Amino acid sequence: MNLRVVYCNHETAGLEIRERLAFSSEERLRLAYMDLRVRFPKTEIVIVSTCNRVELYFGAEDRGQLPEQESIARFLSEFHEVPLDDFINELRSDTEISAVRHLFLVASSLDSMVLGEAQIVNQIKQSYQRAADYDAVGPITHHLFQAAMKFASQVRTETKLSEGRISIASVAVGEFGKSIFERFSDKTVLVLGAGEMAEETLRYLKEEGVEKIVIANRNLQRGEDLAGRWGGIAIPFMEWESRLSEFDVIVSATGATEPIINKQRFAELRSQPDCQQTLFILDLGAPRDFAPEIARTDDNVFLYDISDLEQTCQQNRKARAREVKKAELLLDEATNHFMHAFYHRATGPVVQQLRETWHAIGKEELDRLYKKMEHVSEEDKQQIEQTISRIVNKLLHPPLENIKHHSREGTPHTLLETVKQLFGLSD
């Protein structure tokens, strides 16, 4: 298998780097796929970009067509206009079985900031579908991503990782929100954005008793749809600033490519006499929606973003060590099974053709022999044919075992080409 993934995530890179490398809009993704198809025309490509990771998967029929890490890093630098030196040390690269294992790890949430979260598998599914829409997937990435989603389901079924607080939203509300407010039933919540992350956070806030909900989204209709599902009201997006004094909690997940409010503007709004209430801001945007400096403008403003969740989530992981171990055993088994199945598909036709070709040669020689030896009885013919079959199978055994060995090692392509050339097999 010729497969490579180049990535950075919450374990290898800080939030500032991740948000600079993120593909934060549909248009940016479209342009990225166009650029990548020009740079690497004979590869399959899938981009996975979330608040905690940026990952690019490449598959190719021939090893020489697979881009190197340096070429992929150069693309990221040029596309995002970020100097290479700013992030090159934060990038990681895996190939072949290590790349397979990495995607399975990601899809099952085993390396998520919030262990056991269910959102990541939906993001993997959406990433794959988007790549398919841009005609960027092929047989390698198709089988890989389908297997990853299947493995994620297996982990949810066979372990207890999905129990308890398993999302960024649930941890943020449970750990941070409750450290600020004793209760939420008397609080007014503003939600900026109307996507999956915003709705998931709303679900946990409603469980905590929130009744007053205001949705501000650039697409007012989508905001009204979300408000209707959760018993809130929708307002035009630009209206939220003038109504800041009404809100006790702000949940922001807009998908904007840069902060929607800076320190100076926020300080101006908070300086109004009626805007001195305690304010809990949960910034789930990647890139961040609220400039980080805002946290230092007011002692009554508590701003948390994705990076603030890391310590709490490490504690979550330690508490589930036994389930993690169980999931890791499943991961090793699933990765090896995938590699075996994938290479069986690749080597199976060649092995079958090799068997058929050699046994056909044996039959042709026997037919020629029988024409010269018409006195041979049917019983003798059977003995001769069994002997020839055993000879062919013994001669086939070394090359077939070699093929199996290279398949397990993940490097069968060169061997298969050699076999085809040696024995005159067709593609």
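We number each residue from 1, following the sequence as shown. Values in this document were obtained by computation on a predicted structure and should not be read as measured data.
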Discussion item. Less than 6.0 angstrom from the centroid, inside 45 degrees of the normal: does Arg28 satisfy that with respect to the ring of Phe79?
Written reply: yes

Practice prompt. Write out all pairs satisfying salt bridge (charged side-chain N to carboxylate O under 4.0 Å, His left out) with one or both partners inside residues 81-94, taking only residues at least two apart or from two chains.
Written response: Arg20-Asp86

Worksheet entry | side-chain hydrogen bond (donor to acceptor under 3.5 Å, both in side chains) against Thr50, all qualifying residues, sequence neighbours excluded | none

Worksheet item: Less than 4.5 Å apart, any side-chain heavy atom of Tyr7 and any of Tyr57?
Response: no

Worksheet item: In terms of heavy-atom contacts, does NZ of Lys381 have more than 12 from other residues, nucleotides or ligands at under 6.0 Å?
Response: yes

Worksheet, complete the sentence: So NE2 of His10 and CZ of Arg53: to nearest 0.5 Å the spacing works out to 5.5 Å

Worksheet item: Less than 4.5 Å apart, any side-chain heavy atom of Phe104 and any of Leu110?
Response: no

Practice prompt. Report the C-alpha separation of Ile261 and Asp289 in whole Å, then their side-chain angles, then the decisive distance to 0.1 Å, and conclude whether the side-chain contact (heavy atoms from CB on, under 4.5 Å) test is met.
Written response: CA-CA 7 Å; Ile261 188 166; Asp289 290 326; over 6 Å; no

Worksheet item: Under the 3.5 angstrom rule, does the side chain of Ser77 hit a backbone N or O of Val82 as a donor-acceptor pair?
Response: yes

Discussion item. I'd like to know if the side chain of Glu44 and the backbone of Gly59 have a donor-acceptor N/O pair within less than 3.5 Å.
Written reply: no

Worksheet item: Would you find more than 12 non-hydrogen atoms of other residues, nucleotides or ligands less than 6.0 Å from Glu26 atom CD?
Response: yes

Worksheet item: Would the number of heavy atoms belonging to other residues, nucleotides or ligands and lying under 6.0 Å from CD of Glu333 be above 12?
Response: no

Worksheet item: Are there more than 12 heavy atoms of other residues, nucleotides or ligands under 6.0 Å from atom NZ of Lys326?
Response: yes

Worksheet item: Minimum heavy-atom separation for Tyr128 to Phe145, with atom names?
Response: CD1-CB, 3.7 Å

Worksheet entry | Heavy-atom side-chain contact between Lys187 and Leu205 under 4.5 Å | no

Worksheet item: Can you tell me how far CZ of Phe58 sits from OG1 of Thr141, rounded to the nearest 0.5 angstrom?
Response: 11.0 Å

Worksheet item: Minimum heavy-atom separation for Thr257 to Ser24, with atom names?
Response: CG2-OG, 3.0 Å

Worksheet item: Nearest heavy-atom pair of Lys42 and Ala60: which atoms, and what distance?
Response: O-CB, 4.1 Å

Worksheet item: Does some side-chain heavy atom of Gln154 sit less than 4.5 Å from a side-chain heavy atom of Arg156?
Response: no

Discussion item. Is any side-chain heavy atom of Ile388 closer than 4.5 Å to one of Leu366?
Written reply: yes

Discussion item. side-chain contact (heavy atoms from CB on, under 4.5 Å), that's the test. Do Thr201 and Val189 meet it? Break it down for me.
Written reply: CA-CA 11 Å; Thr201 310; Val189 175; over 6 Å; no

Worksheet item: Are the charged groups of Arg203 and Glu200 less than 4.0 angstrom apart, N to O?
Response: no

Worksheet item: Can you tell me if Thr335 uses its side chain to pair, donor with acceptor, with the backbone of Leu331 under 3.5 Å?
Response: yes

Discussion item. Within this structure, what is the CG-CD distance for the pair Leu31 and Glu27, rounded to the nearest 0.5 Å?
Written reply: 4.5 Å

Fill in: Phe290 side chain reached by Ile250 side chain, heavy atoms, under 4.5 Å
yes

Worksheet item: Which pair of non-hydrogen atoms, one from Pro236 and one from Leu220, has the smallest distance, and what is that distance?
Response: N-CD1, 4.0 Å

Worksheet item: Under 3.5 Å, is there a donor-acceptor pair between the side chain of Ser127 and the main chain of Gln123?
Response: yes

Fill in: Interatomic spacing from OG1 in Thr159 to CG in Leu330 - rounded to 0.5 Å
7.5 Å

Worksheet item: How many angstroms lie between CG in Leu226 and CG in Asn219, if you round to the nearest 0.5 Å?
Response: 11.5 Å

Worksheet item: Between Asn9 (side chain) and Asn52 (backbone), is there a donor-acceptor pair under 3.5 Å?
Response: no

Worksheet item: Is a salt bridge present between Glu16 and Arg288, judged by a nitrogen-to-oxygen distance below 4.0 Å?
Response: no

Worksheet item: If you take all heavy atoms of Ala234 and Ala227, which pair is closest and at what distance?
Response: N-CB, 4.0 Å

Practice prompt. Output every pair passing salt bridge (charged side-chain N to carboxylate O under 4.0 Å, His left out) with a member in residues 220-231, not counting sequence neighbours, ordered by first then second residue.
Written response: Glu199-Arg229

Worksheet item: Quick one: does Leu282's side chain get under 4.5 Å of Val249's, heavy atoms only?
Response: no

Discussion item. Could you check whether any side-chain N or O of Arg18 sits under 3.5 Å from a backbone N or O of Ala13, counting only pairs where one atom can act as donor and the other as acceptor?
Written reply: yes

Worksheet item: Do any N or O atoms from the side chain of Arg37 and from the backbone of Asp135 form a donor-acceptor pair under 3.5 angstrom?
Response: yes

Discussion item. Quick check: do Ile47 and Tyr134 have side-chain heavy atoms less than 4.5 Å from each other?
Written reply: no

Discussion item. Centroid separation under 6.0 Å, is that true for the rings of Phe75 and Phe40?
Written reply: no

Item to complete: Give the C-alpha distance, both sets of side-chain angles, the deciding distance and a yes or no for side-chain contact (heavy atoms from CB on, under 4.5 Å) between Tyr204 and Val251.
Response: CA-CA 12 Å; Tyr204 288 99; Val251 177; over 6 Å; no

Practice prompt. Identify the heavy atoms of Val46 and Ala131 that sit nearest to each other, and give their distance.
Written response: CG2-CB, 3.9 Å

Response to the item:
Rounding to 0.5 Å, atoms CG (Leu284) and OG (Ser252) come to a distance of 8.0 Å

Worksheet item: Would the number of heavy atoms belonging to other residues, nucleotides or ligands and lying under 6.0 Å from NZ of Lys125 be above 12?
Response: no

